[in-house]
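Residue numbering restarts at 1 for every chain, and letters A, B, ... go by the order of the sequence lines.
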Amino acid sequence: MTQIRVILNGESITSREGQSVGALLLEHEQRATRTTRQNARPRGMFCGIGICFDCLITINGITNQRACVTNVEEGMTIQTQQGSGAIA
Amino acid sequence: MSTISTEQIVVVGGGPAGLAAATSLVRTGARVILIDAGERPGGQYWRHHAESSLAAKHEELRIIAHPNVEYLAKTNVWAATYRDGVSTLHLLIDGKVEREIRTRTLILATGAYDRSLPFPGWDLPGVMTAGGVQALLKGQKSLVGKEIVVAGTGPFLLPVAIGLIMAGVQVKAIVEASRPTAWFTKLGALTHNDGKLKDFITFQKIIFGAKVKIHYGSAIVAAQGSSCVEQVTLAKIDRKFVIKPGSDRQITCDALAVGWGFTPDLSLAVALGCASRIDPRDGSLVIDVDEHQETSVPGIYAAGEITGIGGSALALTEGRLAAANILKAQTEDLLRLRGKQQIFANALLDIYGVKNGWTTWQDEATVLCRCEEVSVGDLRKAIVELGVSDLRGAKLLTRAGMGMCQGRVCGQFVAEFVAKESGRQVALKDLQGFAKRPVITPIPLGLLAKGAER
Ligand code: FES
């Protein structure tokens with residue numbers, strides 16, 4: 001399986017082709033993808049299939065992407081989010 | 001790119017219903033465009049990872065390679081219209097490429113997702129839907145935790161728990177709201193599907209062998225933790241889902257998989273103008289179809305979970321039936337089979353019904369709408385102080401159901417909550433108000449602006 005390098009919160013890590021960002025985060029014991037806009041509560045994947053929009057995360061600088069339905073790509077930068085998208 | 005292909009049949013949904021329809025159609029030489037949100041066919045039920053051998057077992061999964069099938073993976077229909085017998089679908093392929101297709105014959109098989117109920121702590125990371133945990137496992141070989149509680153109701157919980165056990169996870173408990181005695185009144189229905197009974201017995205053996213306890217007549221009514229779930233509260237519930245006082249105890253775990261059956265995903269069908277109704281069996285909004293799986297809109301058919309929750313076997317039959325009707329082929333055997341499968345599906349929905357005592361599990365701070373962070377207290381205030389009694393008012397005043405998921409997660413239970421607090425039943429227009437979504441699937445803003453110019 002093809003290895004892929006991605007940057008998670010500033011750190012270079014290895015992933016695999018076909019792995020979702022959500023699965024990659026779980027592998028690194030990172031359950032929360034973001035905090036909420038109003039009450040700053042931690043949130044992570046909930047529905048796992050692209051329905052709920054809880055797993056929002058910043059990918060390549062674009063905020064509010066769904067970790068569960070986005071697959072990793074070589075050189076991708078992934079950053080957990082605070083609120084609507086300031087970088088955590 | 002725009003394709004006008006009114007001669008091709010378009011199927012939306014790559015789960016059992018859509019695949020079965022496509023398979024029947026291409027066998028007779030018809031040409032099919034199959035639109036699938038997933039990266040490979042299968043939907044939720046046949047979800048599999050890249051190296052899986054599942055496709056060897058099911059002809060339907062291999063149909064995408066047929067020369068008469070154009071399979072569009074990772075494709076969302078974000079807008080759709082119907083006029084003069086022609087459906088126009090606006091597609092977004094892999095989040096990047098736009099395409100528009102038109103057809104006179106459309107089969108909708110958009111499936112369902114987990115039905116959720118709100119409880120204190122259900123928004124903590126590590127709490128996931130049962131389907132979500134299953135999707136991670138089947139699609140990604142990924143585990144949400146190491147010590148997991150599986151809870152909710154329905155025949156789906158056991159395969160989820162078994163998948164986890166097989167993957168080496170410690171399943172701390174299986175918590176099922178129904179009682180096994182509920183089956184006694186349904187033995188007649190069981191004879192319509194002895195394959196399922198055999199599965200059930202195999203499941204029980206594996207669970208027993210793994211020394212996992214199944215708590216019947218119980219529910220997980222709260223979850224606690226700081227940055228993610230650390231423990232959950234198990235309680236006995238009565239037949240109306242009200243917690244039995246003093247029956248609660250804590251279970252430590254690092255994840256909770258919870259599912260309360262399924263909610264049909266009607267966004268596309270509703271956008272096309274297909275009539276919907278409340279399914280009296282489980283209170284969910286479903287697409288109304290006739291004997292031939294045809295919706296109220298001529299030329300648009302619906303099959304599978306969006307016509308009422310019934311499971312994969314029924315979905316396959318409905319997909320084949322829709323295809324047979326389009327092809328004007330024989331339908332007698334399929335109709336008979338569908339009838340039998342419906343009896344079994346009805347029995348399951350009855351045994352694993354959700355009762356509205358769940359509205360007593362929350363405290364004022366419990367989040368109802370996860371997207372907009374609307375709490376029970378916020379909603380109650382709108383009802384009591386501001387006199388809101390309908391869903392429209394509740395949405396406008398609290399923003400419940402107005403976030404990014406557009407009420408997919410909270411719509412049904414917010415409707416039930418408002419109805420109960422206002423002393424009435426859920427009305428058809430409550431649920432329809434949630435199902436009518438301005439954008440069927442969220443798309444990049446630039447694209448939306450372009451769409452508006454059209
Ligand atoms: S977990 Fe629900 S959209 Fe990603």
Asks: What are the residues of residues 26-35 of chain A, in order of number, with any heavy atom under 4.5 angstrom from a heavy atom of chain B?
Replies: A:L26, A:E29, A:R31, A:A32

Asks: Checking B:V144 against chain A: side chain, backbone, both or neither under 4.5 Å from a heavy atom?
Replies: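 For B:V144, heavy atoms of backbone and side chain both lie under 4.5 Å from chain A.
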
Asks: Highest number of heavy-atom pairs under 4.5 Å with chain B: which of A:S20, A:G18, A:C52?
Replies: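 Top option by heavy-atom pairs under 4.5 Å: A:S20.
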
Asks: Considering only heavy atoms, which portion of B:E51 lies under 4.5 Å from any heavy atom of chain A: side chain, backbone, both, or neither?
Replies: side chain

Asks: What closest approach, in Å, do A:P42 and B:S226 show between heavy atoms, and which atom pair accounts for it?
Replies: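 Scanning both residues, the minimum pair turns out to be CG-O, 3.9 Å.
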
Asks: Under 4.5 Å heavy-atom distance to chain B, tell me which part of A:D54 shows up: side chain, backbone, both or neither.
Replies: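 Just its side chain gets close to chain B.
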
Asks: Check each atom of B:Q44 against the heavy atoms of chain A and say whether the ones under 4.5 Å are side chain, backbone, both or neither.
Replies: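 Only the side chain of B:Q44 comes within 4.5 Å of chain A.
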
Asks: Is it the side chain or the backbone of A:R43 that comes within 4.5 Å of chain B heavy atoms, both, or neither?
Replies: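 Both backbone and side chain.
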
Asks: What part of B:C228 lies closer than 4.5 angstrom to a heavy atom of chain A: side chain, backbone, both or neither?
Replies: side chain

Asks: Can you confirm whether more than 12 heavy atoms, excluding those of B:Y45, are under 6.0 Å from its OH atom?
Replies: no

Asks: How far does SG of B:C371 sit from CG of A:L56, to the nearest 0.5 angstrom?
Replies: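 Rounded to the nearest 0.5 Å, the SG-CG separation comes to 8.0 Å.
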
Asks: Counting only non-hydrogen atoms closer than 4.5 Å, does A:I62 touch chain B with its backbone (N, CA, C, O), its side chain (CB onward), both, or neither?
Replies: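 Neither part; nothing is under 4.5 Å.
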
Asks: Answer with side chain, backbone, both or neither: which region of B:A135 has an atom nearer than 4.5 Å to a non-hydrogen atom of chain A?
Replies: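 B:A135 touches chain A through side-chain heavy atoms alone.
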
Asks: Do the non-hydrogen side-chain atoms of B:V367 and A:R41 ever get within less than 4.5 Å of each other?
Replies: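 Counting from C-beta outward, B:V367 and A:R41 never come under 4.5 Å.
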
Asks: Looking only at heavy atoms, which two atoms of B:E373 and A:T36 are closest? And how far apart?
Replies: OE1-OG1, 2.8 Å

Asks: Is any residue of residues 122-131 of chain B within less than 4.5 Å of chain A by heavy atoms, and which ones?
Replies: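 B:W122, B:D123, B:L124, B:P125, B:G126, B:V127, B:M128, B:T129, B:G131 fall under the 4.5 Å cut-off.
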
Asks: If you count heavy atoms of other groups shown closer than 6.0 angstrom to CD of B:Q224, is the number above 12?
Replies: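 Atom CD in B:Q224 is packed in, count exceeds 12.
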
Asks: Which residues from residues 108-118 of chain B are near chain A, with near meaning under 4.5 Å between non-hydrogen atoms?
Replies: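 Listed by number, the contacting residues are B:Y113, B:S116.
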
Asks: Just wondering, do B:V409 and A:F53 contact through their side chains at under 4.5 Å, heavy atoms?
Replies: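 No, their side chains stay 4.5 Å or more apart.
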
Asks: Can you list the residues that meet the salt bridge (charged side-chain N to carboxylate O under 4.0 Å, His left out) rule with B:K74, with sequence neighbours excluded?
Replies: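 Per chain and number, B:K74 pairs via salt bridge (charged side-chain N to carboxylate O under 4.0 Å, His left out) with B:D94.
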
Asks: Within a strict 4.5 Å, meaning less than it, do heavy atoms of the A:N71 and B:Q140 side chains meet?
Replies: yes

